[in-house]
Protein chains: 2
Amino acid sequence: MKTRKLHNRIAVLRQERGVSRKELAEIIGVNFQTVGYLERGEYNPSLDLAFRISEYFGLPIETIFSTKPLRPLSQELYGSRDEEGG
Amino acid sequence: MKTRKLHNRIAVLRQERGVSRKELAEIIGVNFQTVGYLERGEYNPSLDLAFRISEYFGLPIETIFSTKPLRPLSQELYGSRDEEGG
DNA sequence: GCGTTATGTTGTATAAATACAATATTTCTC
DNA sequence: GAGAAATATTGTATTTATACAACATAACGC
């Protein structure tokens, strides 16, 4: 299967929560360097790991991960002129 | 990472749609035997593949996959006495 | 019952995710 | 500016997901 690189908001969400990669890694049960790989989009999490991340942030998987580039959460919340067209 | 086996509703949803594994496999871009492995829960899909399945069925990932055993969709829809207890 | 299609099983091969160590660099605190 | 903590980078090893082939069995149409 040709794997698509997915986009994610892990970095922003993590910083909002004020936790380091090391802390987040311990919580979700992976190596702290794995969090780095995920944040940089160097590879996709397994579905199981995606669920753990989703559970920790209290957000649905689709809010954190996406097949299409993600806009800043701020724009997501208040909307931008652009989205009226689409 | 110790991977949890996830539960899913691929088989029921596929049968509802009246498609064979082979057909579903072609649509989501995997080998038809891979669909078998997923339906039997022998391994979890990648997050990318979960997204494709989600897109095909038009349902959020959380509706198709779960960390906890899934009840039949019929019960999910109409509720059962049990769920009142919490 | 025969042929076809769907599914299950087993085995091997490759690709992708994850772990882990070591080191470099950046950032934060004092 | 020294020291600590956070992040990035590189390299190797292991586990898990996926592909593919071959064959067995089950279900279905005629």
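By convention in this document, chain letters (A, B, ...) are assigned in the order of the sequence lines, proteins followed by strands, and residues within each chain are numbered from 1.
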Colleague: E39(B) CD to dT18(D) C1': how many Å, rounded?
Modeller: 16 Å

Colleague: Given 3.5 Å as the limit, does a donor-acceptor pair link the side chain of S66(A) with the main chain of H7(A), or not?
Modeller: no

Colleague: So, OP1 or OP2 of dT16(D): does either fall under 4.0 Å of a side-chain N or O from N44(B)?
Modeller: no

Colleague: Starting the side chain at C-beta, find the nucleotide from dC20(D), dA17(C), dT9(D) nearest to T3(A).
Modeller: dA17(C)

Colleague: Are I10(B) and M1(A) linked, directly or through intermediate hydrophobic residues, by side-chain heavy-atom contacts shorter than 4.5 Å (ILVMFWY only)?
Modeller: yes

Colleague: Just the rounded figure in Å: distance from C1' of dT16(D) to CZ of F51(A).
Modeller: 17 Å

Colleague: Mind calculating the distance between CD (Q15(B)) and P (dC28(D)) to the nearest angstrom?
Modeller: 11 Å

Colleague: With the side chain of K5(B) defined as its heavy atoms from C-beta on, choose the nearest nucleotide among dA19(C), dA17(D), dT10(C).
Modeller: dA17(D)

Colleague: What's the closest nucleotide to the Y43(B) side chain, out of dT10(C), dA17(D), dA19(C)?
Modeller: dA17(D)

Colleague: If I take atom CD in residue Q33(B) and atom C1' in nucleotide dT18(D), what distance separates them, rounded to the nearest angstrom?
Modeller: 11 Å

Colleague: Ignoring backbone atoms, establish whether S46(A) has a side-chain N or O less than 4.0 Å from OP1 or OP2 of dT16(D).
Modeller: no

Colleague: Should R4(A) be listed as having a side-chain N or O under 4.0 Å from OP1 or OP2 of dA16(C)?
Modeller: no

Colleague: Without decimals, in angstroms, what is the distance between L49(A) CG and dA16(C) P?
Modeller: 18 Å

Colleague: Measure the distance from CG on N31(B) to P on dT7(C) and round it to the nearest whole Å.
Modeller: 14 Å

Colleague: Which one, dT7(D), dA19(C), dT7(C), comes nearest to the side chain of T34(A)?
Modeller: dA19(C)

Colleague: Tell me which nucleotide among dT10(D), dT7(D), dT18(D) gets nearest to the side chain of Y37(A).
Modeller: dT10(D)

Colleague: Rounded to the nearest Å, what distance is computed from the NZ atom of residue K22(A) to the P atom of nucleotide dA4(D)?
Modeller: 15 Å

Colleague: Rounded to whole Å, how long is the line connecting atom CD1 of I28(B) with atom P of dA17(D)?
Modeller: 15 Å

Colleague: Does K5(B), at its NZ atom, have more than 12 non-hydrogen atoms belonging to other residues, nucleotides or ligands within less than 6.0 Å?
Modeller: yes

Colleague: Check this one for me: any side-chain N or O of R52(B) less than 4.0 Å away from OP1 or OP2 of dT18(D)?
Modeller: no

Colleague: For DNA chain C, whose closest nucleotide is more 5', that of K2(B) or that of E42(B)?
Modeller: E42(B)

Colleague: Given the ring of Y56(A), does R52(A) sit roughly above its face, with NZ or CZ under 6.0 Å from the centre of the six-membered ring and within 45° of the axis?
Modeller: no

Colleague: Salt bridge check: are E23(A) and R14(A) linked by an N-O gap of less than 4.0 Å?
Modeller: no

